[in-house]
Amino acid sequence: PRFENLTLLVIGLNAVWIWIDTDVNPGPMLIMSPPVFQVFEHFFCCYFAYEWTIRFLAFKKKRDSLRDFWFVFDSLLVWTMILETWIMSFMFLAAKGSSSGGMGNASILRVVRLLRLTRMARM
């Protein structure tokens, strides 16, 4: 229950952080944001990736994870967060920051992350 409660707390804090990030962050992408925004985003991404790993390792038969709707749902959200936080930043740096290219509006991914709040409703 402690891990579950900690995760619920982090989900709630992440929702508040998305609100703050949306209202205050001047950077269009994480890599262009002030350091405080980058630190918090990396923290949340690390925590949710860690939580996903722990939950995946808890399955006796790993393929059973594909039958668990909430695990599949969380997997989609975590991998979307990894895409937004780490992969898009790496792609931007690899392109030498010349432009945001075809990456589109990253704020759409933030809205998708708010779906994680639905997990709080099931608990």
Side-chain angles (χ1 to χ4, degrees):
R2 271 192 231 162
F3 185 66
E4 194 172 287
N5 290 338
L6 177 63
T7 298
L8 285 174
L9 175 67
V10 173
I11 290 170
L13 291 173
N14 185 240
V16 171
W17 180 252
I18 291 171
W19 168 50
I20 293 168
D21 185 47
T22 303
D23 283 353
V24 181
N25 187 354
M29 291 184 62
L30 180 62
I31 200 74
M32 297 176 191
S33 299
V36 68
F37 293 97
Q38 294 182 33
V39 168
F40 274 97
E41 286 295 327
H42 288 293
F43 165 76
F44 286 120
C45 193
C46 286
Y47 182 83
F48 291 131
Y50 169 75
E51 184 236 356
W52 181 91
T53 302
I54 295 298
R55 289 179 57 213
F56 179 73
L57 293 175
F59 284 99
K60 195 172 199 176
K61 294 179 182 176
K62 304 307 179 214
R63 69 177 170 217
D64 287 344
S65 65
L66 298 174
R67 295 185 187 125
D68 182 341
F69 171 79
W70 288 108
F71 184 79
V72 172
F73 178 72
D74 287 345
S75 298
L76 177 72
L77 295 178
V78 169
W79 289 107
T80 301
M81 187 175 205
I82 289 171
L83 172 71
E84 177 188 10
T85 305
W86 294 333
I87 296 173
M88 286 179 64
S89 294
F90 175 76
M91 288 172 50
F92 183 79
L93 287 173
K96 297 185 175 131
S98 58
S99 71
S100 62
M103 292 186 206
N105 188 353
S107 64
I108 292 171
L109 295 175
R110 291 184 187 135
V111 172
V112 172
R113 280 195 348 234
L114 283 173
L115 289 173
R116 194 165 181 91
L117 290 173
T118 60
R119 192 162 153 225
M120 291 175 77
R122 80 171 168 106
M123 294 180 167

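These values consider heavy atoms only, across backbone and side chains, with no hydrogens, waters or symmetry-generated copies. Everything quoted here is computed from the prediction, not taken from an experiment.
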- Could you check whether the rings of Phe59 and Phe71 sit parallel, tilted or perpendicular, using 30° and 60° as the cut-offs? perpendicular
- Message: Please verify the inter-ring angle class for Phe40 with Trp17; under 30° counts as parallel, over 60° as perpendicular, anything in between as tilted.
- Response: parallel
- Message: Within the structure provided, determine whether Asn14 and Met81 are in side-chain contact (heavy-atom separation under 4.5 Å).
- Response: yes
- Any side-chain heavy-atom pair of Leu9 and Asn5 under 4.5 Å: no
- So, Trp19 versus Asp23: side-chain donor-acceptor pair below 3.5 Å or not? yes
Hey, could you give me the [atom1]/[atom2] distance between [X] and [Y], rounded to the nearest 0.5 Å?
X: Leu93; Y: Met88; atom1: CG; atom2: CE; answer: 12.0 Å
X: Glu84; Y: Leu30; atom1: CD; atom2: CG; answer: 7.5 Å
X: Phe43; Y: Thr85; atom1: CZ; atom2: OG1; answer: 13.0 Å
X: Gln38; Y: Asn25; atom1: CD; atom2: CG; answer: 9.0 Å

- Message: Membership question, hydrophobic clusters at under 4.5 Å side-chain separation (ILVMFWY): are Phe92 and Phe90 in the same one?
- Response: no
- Are Ile82 and Val39 joined in one hydrophobic group, where the rule is that I, L, V, M, F, W and Y side chains link up if heavy atoms are under 4.5 Å apart? no
- Message: Just to verify, what does Val24 make a side-chain contact (heavy atoms from CB on, under 4.5 Å) with, not counting sequence neighbours?
- Response: Ile20, Phe37
- Item | Residue Lys61 excluded, over 12 heavy atoms near NZ under 6.0 Å | no
- Message: Checking Asp74 against Phe48 for the side-chain contact (heavy atoms from CB on, under 4.5 Å) test, could you report, in this order, the C-alpha distance in whole Å, the side-chain angles of both residues, the deciding distance, and whether it holds?
- Response: CA-CA 9 Å; Asp74 287 345; Phe48 291 131; over 6 Å; no
Ignoring hydrogens, what is the shortest heavy-atom contact between [X] and [Y]? Give both atom names and the distance.
X: Thr80; Y: Leu76; answer: OG1-O, 2.7 Å
X: Pro34; Y: Pro26; answer: CD-CD, 3.8 Å
X: Leu66; Y: Val72; answer: O-CG2, 3.6 Å

- Message: Using side-chain contact (heavy atoms from CB on, under 4.5 Å), reason through Glu41 and Asp21 one step at a time and then give a plain yes or no.
- Response: CA-CA 9 Å; Glu41 286 295 327; Asp21 185 47; 3.9 Å; yes
- Any donor-acceptor pair under 3.5 Å linking the side chain of Ser89 with the backbone of Trp86? no
- Message: Working note: Phe44 + Leu13, criterion side-chain contact (heavy atoms from CB on, under 4.5 Å); need CA distance, chi angles, decisive distance, verdict.
- Response: CA-CA 9 Å; Phe44 286 120; Leu13 291 173; 4.2 Å; yes
